[in-house]
Structures are given as C-alpha cells and as structure tokens.
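Any value given below was found using the heavy atoms of this structure, including those in side chains, with hydrogens, waters and symmetry copies removed. All of these numbers come straight from a predicted model, not from anything done at the bench. Chain letters run A, B, ... following the sequence lines, proteins first, then strands; residues in each count from 1.
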Amino acid sequence: KQEVTQIPAALSVPEGENLVLNCSFTDSAIYNLQWFRQDPGKGLTSLLLIQSSQREQTSGRLNASLDKSSGRSTLYIAASQPGDSATYLCAPTGGGNKLTFGTGTQLKVEL
Amino acid sequence: DTAVSQTPKYLVTQMGNDKSIKCEQNLGHDTMYWYKQDSKKFLKIMFSYNNKELIINETVPNRFSPKSPDKAHLNLHINSLELGDSAVYFCASSPSGTSGGSTDTQYFGPGTRLTVL
C-alpha cells in the first residue's frame, strides 16, 4: 500500500525566497508523480508531472525532481510570490492510474 | 467551456437522507474518478471508471454507489447519509485507460462540499 508523506506540513516565507517542498513515498512502482496546487475552497490544479523515467521537470519558476528508487520528490519554487500561497500536494500514480496523495504542505508567502 | 464540472457546489442535508452529486467532463477523457477530502484535508480516491466500467473501488461503504451513464459522466449516489460523510467530494478525469499513461494528468472539478447535519 502506497503511503505518501510531505514535509514540512506548513511553511511561511517572505516574498522572494527560494524554497523546497519535500515528498516521500513507500512504493517505487509508479507510472509518474504529480504535483498539484490547491487554493482554499477550490479544486486541484496540476502543476507538474514527472514520468517515472525522468529525473526532473520544469515549468516557469517551478522545478520538480524525482528519485524513484529512493522514493523521493522535491518541488523547488524560485523567487516566491504572495500568489504562490496555497497548499501543495504530491501524488505518485500507481496501477489503475490511482493517485495517492500526500498530506500536503501549506505555504504562505508574505509581503 | 468548463473542463470538469460538478453539481451542486454545496449540499446540506439531514442524516439518513439519500443524495446525489453529478460530474461531467467535456475533455473526451476515457477515465473518471471520485475523491473524498476529509476535514483534515486528506484527499483519498474512492472510485474510478474507464469507459463506464468500474476499475477502482477503495474500501468505500456500499452506501456509496457510483453510476456512469456514459464516459463523460460519473455520478455519485449516497444512501442513508451519516455525519462522517461530511467532506468535500472531487471528481476528476484523465485521458488514458486502466493501464495508466506515464504522462496521464488528472484534471479535477471544483468540488462539492457536503454537510450532513
């Protein structure tokens, strides 16, 4: 059974800082790993998808890495902005296209 | 032109009632899902359907019955509602079938907040 842990659970940083969110998972038999963003009272928005054969994926100020063998992924956010404030969720995809979500990191970027 | 839509957005009801939540996707995807997000914000899959066929059924009470009339719709019917059913329910869809693609992103609806009194 896949278990996903995200550290830290909450993070508050001043605007402009670079930051790293961590995700670990117990079952390395995954198709891919996705990072999502959830704003309060809203649905989930897919940010990045890293295929199991890839090590890294970039989109704008976001960079996600994947080390499948050790069961780890990180999401790097460069030059953080107040608009980045949200909960970030990591979800590896297993058989049957099943996503298993982590507990999330609640990020607040302050002016 | 909403990709994945759910109705209603909010649902408040009494214990013991039966209710349904509807989901529709206009992306032409083959697979649809229902997820539950509890009060601690933990998000967990409940069901998935591929071309109207049930694929994933995750230890969900049989009071919950998904129905897929066609591959663009996946509705969730809940019988005899209990206090513990209060949560936000998310519908999602993805392009691929059960084998899952390595590039298969899931697209989520806005959620339905169910409150059972």
Side-chain angles (χ1 to χ4, degrees), chain A residues 1-6 8-10 23 25 27-57 59 62 64 66 68 73 86-107, chain B residues 2-7 9-10 21 23 25 27 29-51 53-60 87-113:
Chain A
K1 180 188 170 188
Q2 181 73 277
E3 292 181 6
V4 182
T5 304
Q6 291 186 243
C23 170
F25 49 96
D27 185 353
S28 62
I30 62 172
Y31 287 111
N32 61 51
L33 185 141
Q34 296 181 59
W35 281 92
F36 291 88
R37 168 186 174 139
Q38 185 174 26
D39 292 281
K42 301 284 176 67
L44 278 70
T45 302
S46 180
L47 297 172
L48 287 165
L49 181 150
I50 312 177
Q51 298 174 46
S52 61
S53 58
Q54 293 178 320
R55 300 280 295 185
E56 205 171 303
Q57 190 66 259
S59 175
L62 305 179
L66 174 64
K68 201 175 86 156
S73 178
T87 297
Y88 290 79
L89 296 160
C90 147
T93 304
N97 224 22
K98 176 184 167 184
L99 287 178
T100 302
F101 283 89
T103 45
T105 293
Q106 192 170 349
L107 172 66
Chain B
T2 305
V4 182
S5 59
Q6 296 179 226
T7 53
K9 189 173 172 71
Y10 299 96
I21 307 172
C23 178
Q25 54 96 2
L27 298 166
H29 288 170
D30 285 338
T31 307
M32 296 184 72
Y33 312 79
W34 276 110
Y35 290 85
K36 177 180 180 180
Q37 188 170 43
D38 61 25
S39 57
K40 294 182 180 177
K41 305 297 183 186
F42 187 57
L43 195 65
K44 189 173 179 182
I45 191 165
M46 299 173 68
F47 302 101
S48 76
Y49 267 73
N50 176 257
N51 277 320
E53 181 184 350
L54 180 65
I55 303 301
I56 295 174
N57 183 345
E58 287 281 305
T59 321
V60 177
V88 181
Y89 292 84
F90 288 99
C91 176
S93 71
S94 69
S96 293
T98 56
S99 61
S102 62
T103 58
D104 207 32
T105 299
Q106 291 190 22
Y107 295 82
F108 281 74
T112 295
R113 181 174 294 276

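Shown here for A/Phe36 and B/Gln106, the closest heavy-atom pair between the two residues is CE2-O, 3.7 Å. Looking at every heavy atom in both residues, B/Phe108 comes nearest to A/Leu44 through CB-O, 3.7 Å. Nearest heavy atom pair, residue A/Asn97 against residue B/Tyr33, reads ND2-OH, 2.7 Å.
Counting heavy atoms from C-beta outward, A/Gln38 and B/Gln37 have side chains that approach closer than 4.5 Å.
Rounded to the nearest 0.5 Å, atoms OG1 (A/Thr100) and CD (B/Glu58) are 7.5 Å apart.
Between chain A and the residues B/Phe42, B/Tyr35, B/Tyr107, the largest count of heavy-atom pairs under 4.5 Å involves B/Tyr35.
The contact between B/Ile56 and chain A is made entirely by side chain atoms (from C-beta outward), counting heavy-atom distances below 4.5 Å. Neither the backbone nor the side chain of A/Gln54 comes within less than 4.5 Å of any heavy atom of chain B.
For B/Glu53, the CD atom counts as loosely surrounded, since its 6.0 Å shell holds 12 or fewer non-hydrogen atoms of other residues, nucleotides or ligands. No more than 12 heavy atoms of other residues, nucleotides or ligands sit less than 6.0 Å from atom NZ of A/Lys98.
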